[in-house]
Amino acid sequence: MSGGTSFAEMLVAALIVLGGSFALVGSWGLVRLPSLMERLHGPTKASTLGLGAILVASIAWFHLVRGTWTTHELLVSVFLFMTAPISANMIAKVHLHRLRQGEPSEPAGPAGAPAPPPGGADWATHEAPHEGTPGDFEGD
Amino acid sequence: MIAGALAFGFAAFGLALALNLWRLFRGPGVADRILALDTMVINVIGLIVLAGIESGSGTSFEAALLLAMVGFVGTVAYAKFLLRGDIIE
């Protein structure tokens, strides 16, 4: 086996180890961090990054074995990197919604529940569309 | 070298799935459980990609892509249901 091949193998192995470590750290953060808003950080950043490393390792490995570039993995990683922030935003919205309803099963973080916006307004999830918001068709 | 790295990767993703299961059962809130399910989908995609590397066949990536899509739609559906009381209004 030539020197170049073994370097490529080392690269793939290092990427797999890196990806596995990041995914593990993300899930450990999901268990260890004290409140939901903090727990959101682990999976959305560390786990997504770990999966990205695994997908890059897969691209490199199939190039090494077959000598062809595959794009399936790129598709998966692009889709994942696009959707991870959206699902995190939705989960944070659910958390805020249930905090506002006073659900006893939904504890606030160490900083307490977030204060309502000033001026008698409500959080955007709950406000009816009014002037200046995207749902206000008359003002558009 | 690849075999050792793959073994480490499988162990890491498996342990991550176990930790997610703990959070899924422990809660305490509904948002925590949705987050745990979303993370489980991400970790399972990692396992599928690792299995694809090990077997050397490219057929598992369709499964990974499908799981990424279904996982995202599932998370959004859970969140929508809790936020609006309905999934498709």
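Predicted model only: the values in this text are computed from it and were never measured. Here is the naming used below: chain letters follow the sequence lines, and residue numbers restart at 1 for every chain.
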Could you have a look at Ile53(B), Thr75(B), Thr39(B) and say which one has the most heavy-atom pairs with chain A under 4.5 angstrom?
-> Ile53(B)

Non-hydrogen side-chain atoms of Ser60(B) and Val49(B) separated by less than 4.5 Å = no

Closest heavy-atom pair and its distance - Ala23(A), Phe13(B) | CB-CE2, 3.5 Å

Do you know which of Thr70(A), Leu15(A), Val94(A) has the most heavy-atom pairs with chain B at a distance under 4.5 angstrom?
-> Val94(A)

Are Leu24(B) and Leu47(B) connected in a single hydrophobic cluster, I mean Ile/Leu/Val/Met/Phe/Trp/Tyr linked by side-chain heavy atoms less than 4.5 Å apart?
-> yes

Heavy-atom proximity to chain B below 4.5 Å, by part of Ser58(A) = both

Side-chain heavy atoms of Leu24(A) within contact of Trp28(A), under 4.5 Å | no

Are Phe22(A) and Thr48(A) side-chain neighbours, meaning at least one heavy-atom pair lies under 4.5 Å?
-> no

Looking at side-chain heavy atoms only, is the closest gap between Leu50(B) and Ile54(A) below 4.5 Å?
-> yes

Contact list (residues 37-45 of chain A to chain B, heavy-atom gap under 4.5 Å, by number) returns Arg39(A), Leu40(A), Pro43(A)

When every non-hydrogen atom of Ser27(A) is compared with those of Ala16(B), the smallest separation belongs to OG-CB, 3.3 Å

Tell me, for Met69(B) versus chain A, whether the close heavy atoms (under 4.5 Å) come from the side chain, the backbone, both or neither.
-> both

Using a cut-off of under 4.5 Å for heavy-atom pairs, which of Gly46(B), Ala11(B), Ala68(B), Gly9(B) has the most such pairs with chain A?
-> Ala68(B)

Toward chain B: residues of residues 83-91 of chain A with heavy atoms under 4.5 Å | Thr83(A), Ile86(A), Ser87(A), Met90(A), Ile91(A)

Given that the side chain runs from C-beta out, which part of Leu36(A) has a heavy atom under 4.5 Å from chain B: side chain, backbone, both or neither?
-> both

Please determine, among Ala31(B), Gly71(B), Ala79(B), Gly29(B), the option with the most heavy-atom pairs under 4.5 Å with chain A.
-> Ala31(B)

For residues 52-84 of chain B, which residue pairs qualify under ring-ring contact (aromatic ring centres under 6.0 Å, His included), counting only residues two or more places apart or in two chains?
-> Phe62(A)-Phe61(B)

What residues, two or more places apart in sequence or in another chain, satisfy side chain to side chain donor-acceptor pair (under 3.5 Å) together with Ser55(B)?
-> Ser57(B)

Report yes if some heavy atom in the side chain of Asn20(B) is under 4.5 Å from a heavy atom in the side chain of Leu37(B); otherwise report no.
-> no

Can you find a heavy atom in the side chain of Ile16(A) that is under 4.5 Å from one in the side chain of Phe8(B)?
-> no

From Leu55(A) atom CG to His72(A) atom NE2, the distance as rounded to the nearest 0.5 Å | 12.5 Å

Could you tell me whether the side chain of Glu9(A) reaches within less than 4.5 Å of the side chain of Leu64(A), counting heavy atoms only?
-> yes

CG of Leu75(A) to CG of Leu65(B): how many Å apart, nearest 0.5 Å?
-> 5.0 Å

Count the heavy-atom pairs under 4.5 Å between each of Leu15(B), Leu35(B), Leu17(B) and chain A, then report the option with the highest count.
-> Leu35(B)

If one checks every heavy atom of Asp38(B) against chain A at 4.5 Å, the contacting part turns out to be side chain

Can you tell which part of Asn43(B) gets under 4.5 Å to a heavy atom of chain A, answering side chain, backbone, both or neither?
-> side chain

